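Okay, so here's the structure we're looking at.
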Amino acid sequence: MVNKHLQPKPPPILIYHTGFLPYLPFSLWQNQKANPDRELILIGNEASRMQGLNYQHVDETGYRGLLDEMMQSYRHMADCHIADEQRSLGRWFVLSEFLRKEGIGEFYFMDSDFLLFANLGQSEACWKNDGMIGTPLLWGFSFLRSPQPVHDFCQWVLELYRSDQKRQVLRKKYEAQGP
């Protein structure tokens, strides 16, 4: 018999951040204050662990296998600093492995400096037919009903880095755009 009073847990809020930056405690506090009904998970390292805040800290170490695989064939391809590109890509690989190992379906994924000022539950009903929503290009804030787009993106990047031919085609398209 199913208990009609049990509500499914709302999708968790996931943040990936290593190291410490002064805004991090405030961001965690604000996002939990606006959404006290859902789990707030920070995937990071020891330097990003905050005491006295209502969130779950998960050490990224157990979720770096896919990232290590990517780094074996990594080629710097962006105009930005190499560390920025590696961090921007790397978080998706850690997230992919975390989602797979923890069996997470729907979730929010946010940059550590993204602040929520409203309860996300108020908007979720509007997104019931959407598989994914987010700010442009999924920067800063995204809501996904399935981890599959994250897994697919990581596999695409792996294939790109492993294929000189695919990288050259992408590089030519990029350079053809001009400055």
Side-chain angles (χ1 to χ4, degrees), residues 11-21 23-24 27 31 39-48 56-116 120 124 127 129-179:
I13 300 169
L14 307 176
I15 297 172
Y16 176 79
H17 185 96
T18 57
F20 176 79
L21 288 172
Y23 68 77
L24 187 58
S27 176
N31 292 331
E39 196 172 11
L40 176 62
I41 302 170
L42 174 70
I43 306 166
N45 58 8
E46 193 57 36
S48 64
Q56 179 184 352
H57 187 276
V58 174
D59 190 320
E60 69 161 351
T61 305
Y63 305 98
R64 292 184 56 91
L66 192 59
L67 174 59
D68 293 341
E69 187 179 334
M70 186 272 291
M71 291 306 292
Q72 290 174 6
S73 57
Y74 172 78
R75 304 286 186 277
H76 184 56
M77 295 179 18
D79 289 340
C80 64
H81 186 275
I82 190 170
D84 291 338
E85 182 182 34
Q86 288 175 346
R87 183 177 50 256
S88 294
L89 281 174
R91 64 183 171 173
W92 294 103
F93 284 81
V94 171
L95 176 65
S96 178
E97 194 162 336
F98 177 78
L99 295 169
R100 185 176 45 77
K101 285 183 175 180
E102 301 304 321
I104 294 175
E106 294 183 329
F107 63 97
Y108 289 89
F109 188 53
M110 300 181 345
D111 283 354
S112 58
D113 61 352
F114 196 90
L115 299 176
L116 297 170
L120 293 167
E124 283 171 10
W127 304 329
N129 297 323
D130 299 317
M132 176 178 2
I133 65 99
T135 53
L137 302 176
L138 294 181
W139 291 74
F141 172 85
S142 55
F143 173 61
L144 291 93
R145 295 219 180 262
S146 163
Q148 196 58 49
V150 177
H151 303 324
D152 292 347
F153 172 71
C154 291
Q155 288 306 309
W156 179 82
V157 171
L158 284 172
E159 290 172 17
L160 176 66
Y161 284 146
R162 291 176 179 154
S163 169
D164 289 334
Q165 181 181 7
K166 288 181 181 180
R167 277 197 319 276
Q168 292 304 323
V169 168
L170 189 62
R171 173 56 71 183
K172 287 178 183 175
K173 285 182 179 180
Y174 177 76
E175 290 172 350
Q177 299 299 312

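Please read these numbers as outputs of a predicted model, since none were measured by experiment.
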| field | Member of L67, T61, V58 meeting the side-chain contact (heavy atoms from CB on, under 4.5 Å) criterion with V94 | value | L67

| Ignoring hydrogens and geometry, is there a side-chain-to-backbone donor-acceptor pair from R145 to W127 under 3.5 Å? | yes

| field | Gap separating the CG atom of L144 from the CG atom of D130, nearest 0.5 angstrom | value | 11.0 Å

| request: From the options D68, I43, L66, select the one residue that forms a side-chain contact (heavy atoms from CB on, under 4.5 Å) with E97. | output: L66

| task | Could you check whether the rings of F153 and F93 sit parallel, tilted or perpendicular, using 30° and 60° as the cut-offs? | result | tilted

| request: May I ask you to decide if N45's main-chain N or O and T18's side chain share a donor-acceptor pair within less than 3.5 Å? | output: no

| said: If I take atom CG from residue L115 and atom CG from residue N31, how far apart are they, to the nearest 0.5 angstrom? | reply: 6.0 Å

| request: Check whether any side-chain heavy atom of F107 lies under 4.5 Å from a side-chain heavy atom of V150, and answer yes or no. | output: yes

| query | Picking from K166, K173, K172, what satisfies side-chain contact (heavy atoms from CB on, under 4.5 Å) with V169? | reply | K173

| message | As an exercise, state the distance from CZ of R167 to OG of S73, rounded to the nearest 0.5 Å. | response | 8.0 Å

| field | Over all atoms of both residues, closest heavy-atom pair of W92 and S142 | value | CH2-OG, 4.5 Å

| request: I would like to know whether F98 and I104 meet side-chain contact (heavy atoms from CB on, under 4.5 Å); could you show each step before the answer? | output: CA-CA 8 Å; F98 177 78; I104 294 175; 3.4 Å; yes

| Are E69 and R162 close enough that some pair of their side-chain heavy atoms sits under 4.5 Å apart? | yes

| note | Nearest heavy-atom contact between G62 and K101 is O-NZ, 2.7 Å

| said: Tell me whether D111 contacts the main-chain N or O of D113 through its side chain, where contact means a donor paired with an acceptor under 3.5 Å. | reply: no

| Closest non-hydrogen atom pair between P147 and L99, with its separation | CB-CD1, 3.7 Å

| query | Looking only at heavy atoms, what is the nearest atom pair of L24 and S112, with distance? | reply | CD1-CB, 3.9 Å

| Interatomic distance, L42 atom CG to D59 atom CG [nearest 0.5 angstrom] | 10.5 Å

| query | Could you give the distance from CG (L95) to CZ (R100), rounded to the nearest 0.5 Å? | reply | 11.5 Å

| message | Nearest 0.5 angstrom please: M70 CE to Q86 CD, how far? | response | 7.0 Å

| request: Can you see which heavy atom on L116 is nearest to which on I13, and at what distance? | output: CD1-CD1, 3.8 Å

| query | Do the side chains of I133 and F141 get nearer than 4.5 Å, heavy atoms only? | reply | yes

| Taking every non-hydrogen atom, the tightest pair across P11 and F143 | CG-CE1, 3.9 Å

